[in-house]
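Comments concern the structure below.
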Amino acid sequence: DSGVTQTPKHLITATGQRVTLRCSPRSGDLSVYWYQQSLDQGLQFLIQYYNGEERAKGNILERFSAQQFPDLHSELNLSSLELGDSALYFCASSVAPVAGGGTGELFFGEGSRLTVL
Amino acid sequence: DAKTTQPNSMESNEEEPVHLPCNHSTISGTDYIHWYRQLPSQGPEYVIHGLTSNVNNRMASLAIAEDRKSSTLILHRATLRDAAVYYCILVRHSGGGADGLTFGKGTHLIIQP
C-alpha cells in the first residue's frame, strides 16, 4: 500500500460526458502528479501540483483540468470525453519537488480505470 | 530531456539473478538514475535510484557504469512476484521545471517457474 488513494477505481461513461477523478496523497506529501496510461501511449505525465499551485504541465489536453485543494487532495476533471480517453489514470505524490529537496521518489496510487463508450 | 534505452523484454528463471540493462548515453551531471517497476494491474512502484556509486536496498542493487552512460538493475534472486515492467528513468536534481517522470516503454520481465 503506497498510501495514495484514488477514487473511483472504475468508471464507465459515455462520449461527451464529464468525470472527476480524485486523489488523496500520502500524509505529508505536498506534491501531486497525474499520469495517463493507455495501451498505445504508455505512461504519460499530465500535470503536477505543489502545495496547491500548478508546477508543471505535460501532455494534458485542453479538455482536461486539475486542481489541488488546501487539504492537498487533488482532482482531475475530464470533459467532452472521447473514446480515446479510455485509459488508466494514476495519481502519484511526493514530499517535495526534486528541485525543492525531494528525492524524486514518487508514490503511485492504484489508478482509476476510465472506460468511455 | 535525456533518454534511456532498455530491451523490450527479458526472461529469467525463478530463484536466479536478473540483470536489467539501461543505456543513457546523453545523461547529464545532475541526472539521477531511477528505477521503477509496474506489476500487473498496479501503479508504478519505486525500486531504487543512484547518481554515481552503486546502490543496494532491500529490493535490488543498482550498478552504475563509471562513465554513467549505462546502468544495470540487479534482482539477486528473482521470484514470480518480480514479473513486471521495469522502467529506467533519468531525474534531474537541479533547476526548476517539471519533476514529472518521463516513462519510456520499459523492459517486460518474464519469470519462468
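These figures come from a predicted structure and were not determined experimentally. Proteins get letters first, then strands, A, B, ... in listed order; numbering begins at 1 in each.
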- Sub-4.5 Å side-chain heavy-atom contact between Leu43(A) and Gln38(B):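 Side-chain contact under 4.5 Å: yes.
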- Message: I'd like to know whether CZ of Arg26(A) has more than 12 heavy-atom contacts from other residues, nucleotides or ligands below 6.0 angstrom.
- Response: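 Yes, the 6.0 Å shell around CZ holds more than 12 heavy atoms from other groups.
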- Message: Atom CG of residue position Leu117(A) - does it have more than 12 heavy atoms of other residues, nucleotides or ligands inside 6.0 Å?
- Response: yes
- Do you reckon Tyr89(A) sits in the same ILVMFWY cluster as Val19(A), going by side-chain contacts under 4.5 Å, direct or chained? yes
- Item | salt bridge (Lys or Arg N to Asp or Glu O under 4.0 Å) partners for Glu82(A), two or more places apart |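 Expected list: Arg63(A).
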- Task: Let me know if Gln37(A) has heavy atoms under 4.5 Å from chain B in its side chain, its backbone, both or neither.
- Result: side chain
- Message: Testing the basics here: between Phe90(A) and Gly43(B), what is the closest heavy-atom pair and its distance to 0.1 Å?
- Response: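 What the structure gives for the nearest pair is CE2-CA, 3.3 Å.
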